[in-house]
Amino acid sequence: MALLGGFRPSGTILASAWLMSFFTNMAKAQTVPTGCGEGLDPIYYYLCDLSAAWGIVLQAITSAGIVSSFILTIVLVASAPFIQDKRKKSMLGTQVFFLLGTLGLFCLVFDMVVRKDFSTCASRRFLFGVLFAICFSCLWVHAGNLNYLVRKNTGPSGWWIFAIAVALSLVEVIINTEWLIITVVRTASTLSQPCLIANEDFVMALIYVMFLILAGFVTAWPALCGRYGHWKKHAVFILLTLFLSACIWIVWIVMYVYGNVRVGNPLYWDDPTLAIALVSNAWAFVFFYIIPEISQLTKPSLEQSFEEEVYPTRGVGYETILKEQTSQSMYVENKAFSMDEPQSAKRPVSPYSGYNGQIRSSVYQPTEMALMNKNPTDFQYDVIIPRATANSHPAASGNSTLRAEDAYAAQNQHSTNNGQANSSPYSQW
């Protein structure tokens, strides 16, 4: 009995352990949400949980944003050889840096959908402010560059603009690094709750990002007043983007600090609030800044379009010189050929009609029959029938062929001389 009594506690312990493991496995099998596999880690349940639809919807919108940002980055880099204006080309590196920050914001949404653990909490604290600082720093330096362009039509070098944007972003990197170290050390004793950080502390760590939003908004306003007005539309893009970003930040901060406690469980509502803020602000960057800027990159500036319209009318160019030389050479050749011909050949006279450019009714021109009916003794046969005679005109000295107009002119001259020497046969009438 003693031996049997000695084995009873161990059997009870084994049975209780088996029952606990069985019920634990049953509970795990029952808590797996619909749409997720049984072997999936519970921290990824929001990625596939059909009951928590906000995670699936955000994933779809975020995936479209990632693809769009990647395509726009390729388009922006590929358009570099086609940018004619050097002042727009100087902003290319800063805009690519801005697009990389926007792509990081879309990717960070998945970190917000996943449940909290030590790695996700650390990445949220660090990357949220850094990625937004990259985007708002690029907008601020672009606004500062526009203030130079609208007044002087020239701006700083592209390398200086990019270096200033990186330097402004590094300030937030330093701030978030120090804040992350402090919070990790402070919560090291509570390993069961690695994300035990007040929402107010998270918002206070983003004060520098809020300063960048305000600074960019204030800097972009003077860019609307300047001598060179074709740069003002870029300032409008920045102002509209920063205004929407400020509105989004005001809404999510109020919801994150005050609204979540009243709406529901703050541990659940923290994730959708930050994720929606990331998605909405990233899409605002794409629609109101990136796409309009890319559409303006390859367009020529106002000075270049003016030069293209004015200079061709001045006759400066290789083709124009060739045309002038061709016309001059043709004129010289025509003039050389015209020197061998009499000046009468320049008139539009047909050798068959005998038309000399005068109206027929104004000049008396007797026909051949009228001349033959007159006194044939008064005329010589060489008057009636034209003979080949030497032309005394110097311009026709090189011609060996008698022209009809020359014969007709000699005939008129001979008849005029005879009319002066002898009286007209019609005078007796």
Taking the side chain as C-beta and beyond, is there a heavy-atom pair between I213 and F217 under 4.5 Å?
no

Steps toward ring-ring contact (aromatic ring centres under 6.0 Å, His included) verdict (F126, W179)
CA-CA 9 Å; F126 183 78; W179 182 71; over 10 Å; no

Hey, what do you get for OG1 (T94) to CD1 (I161), rounding to the nearest 0.5 Å?
6.0 Å

Rounded at 0.5 Å granularity, tell me how far CD1 in I290 sits from SG in C135.
8.5 Å

Looking at A235 and A220, what are the two nearest heavy atoms and their distance?
CB-O, 3.9 Å

Can you check whether K299's main-chain N or O pairs, donor with acceptor, with K88's side chain at less than 3.5 Å?
yes

Walk me through it: do H234 and L149 pass the test side-chain contact (heavy atoms from CB on, under 4.5 Å)?
CA-CA 11 Å; H234 300 276; L149 293 174; over 6 Å; no

Between R227 and N153, is a side-chain hydrogen bond (donor to acceptor under 3.5 Å, both in side chains) present by the stated rule, with each step listed?
CA-CA 9 Å; R227 180 180 177 184; N153 207 22; over 6 Å; no

Of F98, W283, F243, F136, the residue whose pairing with Y289 passes ring pair (Phe, Tyr, Trp, His ring centres under 6.0 Å):
F98

Do V96 and V77 come close enough that some side-chain heavy atom pair is under 4.5 Å?
yes

Any side-chain to backbone donor/acceptor pair from R151 onto C225? Under 3.5 Å, distance only.
yes

Classify the angle between the aromatic ring planes of F128 and W252 as parallel (below 30°), tilted (30 to 60°) or perpendicular (above 60°).
perpendicular

Measure the CG-CG distance between L206 and D201 for me, rounded to the nearest 0.5 Å.
11.0 Å

E172 vs F132, test: side-chain contact (heavy atoms from CB on, under 4.5 Å). Steps then yes/no.
CA-CA 9 Å; E172 181 64 19; F132 272 116; over 6 Å; no

Any idea which heavy atoms bring H230 and K233 closest together, and the distance?
O-CE, 3.5 Å

Checking N199 side chain against Y256 main chain: does a donor-acceptor pair fall under 3.5 Å?
yes

Verify side-chain contact (heavy atoms from CB on, under 4.5 Å) between W140 and F211, making sure each step is shown before the conclusion.
CA-CA 11 Å; W140 188 13; F211 167 75; 4.1 Å; yes

Hey, do the aromatic rings of Y148 and Y228 have their centres closer than 6.0 Å?
no

Per side-chain contact (heavy atoms from CB on, under 4.5 Å), F106 is matched among V286, L131, V67 by V286

Closest approach of I134 and S169, non-hydrogen atoms and distance?
CA-OG, 3.4 Å

Stepwise, does the side-chain hydrogen bond (donor to acceptor under 3.5 Å, both in side chains) test hold for W249 with N281?
CA-CA 8 Å; W249 273 64; N281 212 158; 3.0 Å; yes

Quick one: which residue pairs count as a ring-ring contact (aromatic ring centres under 6.0 Å, His included) with a foot in residues 153-174, not counting sequence neighbours?
F97-F162

How long is the gap from CG on D111 to NZ on K116, to the nearest 0.5 Å?
11.5 Å

Are any non-hydrogen side-chain atoms of L99 and L103 less than 4.5 angstrom apart?
no

Side chain of T120, backbone of D117: donor and acceptor closer than 3.5 Å?
yes

Is S68 reaching over with its side chain to a backbone N or O of G65, donor-acceptor style, under 3.5 angstrom?
no

For the backbone of R87 and the side chain of S90, can you confirm whether one donor and one acceptor N or O come within less than 3.5 Å of each other?
yes

Do T241 and F285 have side chains that get closer than 4.5 Å, going by heavy atoms?
yes

Can you give me the closest heavy-atom contact between A165 and C138, atom names plus distance?
CB-SG, 4.2 Å

Between L244 and F287, does the side-chain contact (heavy atoms from CB on, under 4.5 Å) criterion hold? Intermediate values first, please.
CA-CA 11 Å; L244 292 175; F287 283 121; over 6 Å; no

Is it true that, when you exclude Y44 itself, more than 12 heavy atoms of the residues, nucleotides or ligands shown sit nearer than 6.0 Å to its OH?
no

Side-chain touch L224/L239, heavy atoms, less than 4.5 angstrom
yes

Between atom CD1 of I83 and atom NZ of K89, what is the distance when rounded to the nearest 0.5 Å?
6.5 Å

Using every non-hydrogen atom in the two residues, find where L105 and A282 come nearest and quote the distance to one decimal.
CB-CB, 4.2 Å

Answer yes or no: is there a side-chain heavy-atom contact under 4.5 Å between I276 and M255?
no

Do F237 and H142 come within less than 4.5 Å of each other through their side chains, counting heavy atoms only?
no

Looking at every heavy atom in both V113 and G55, which two are closest together, and how far apart are they?
CG1-CA, 4.1 Å

With no hydrogens and no angle check, is any side-chain donor or acceptor of Y46 less than 3.5 Å from a backbone partner on M112?
no

Between CG on residue L72 and OG1 on residue T102, distance to nearest 0.5 Å
9.5 Å

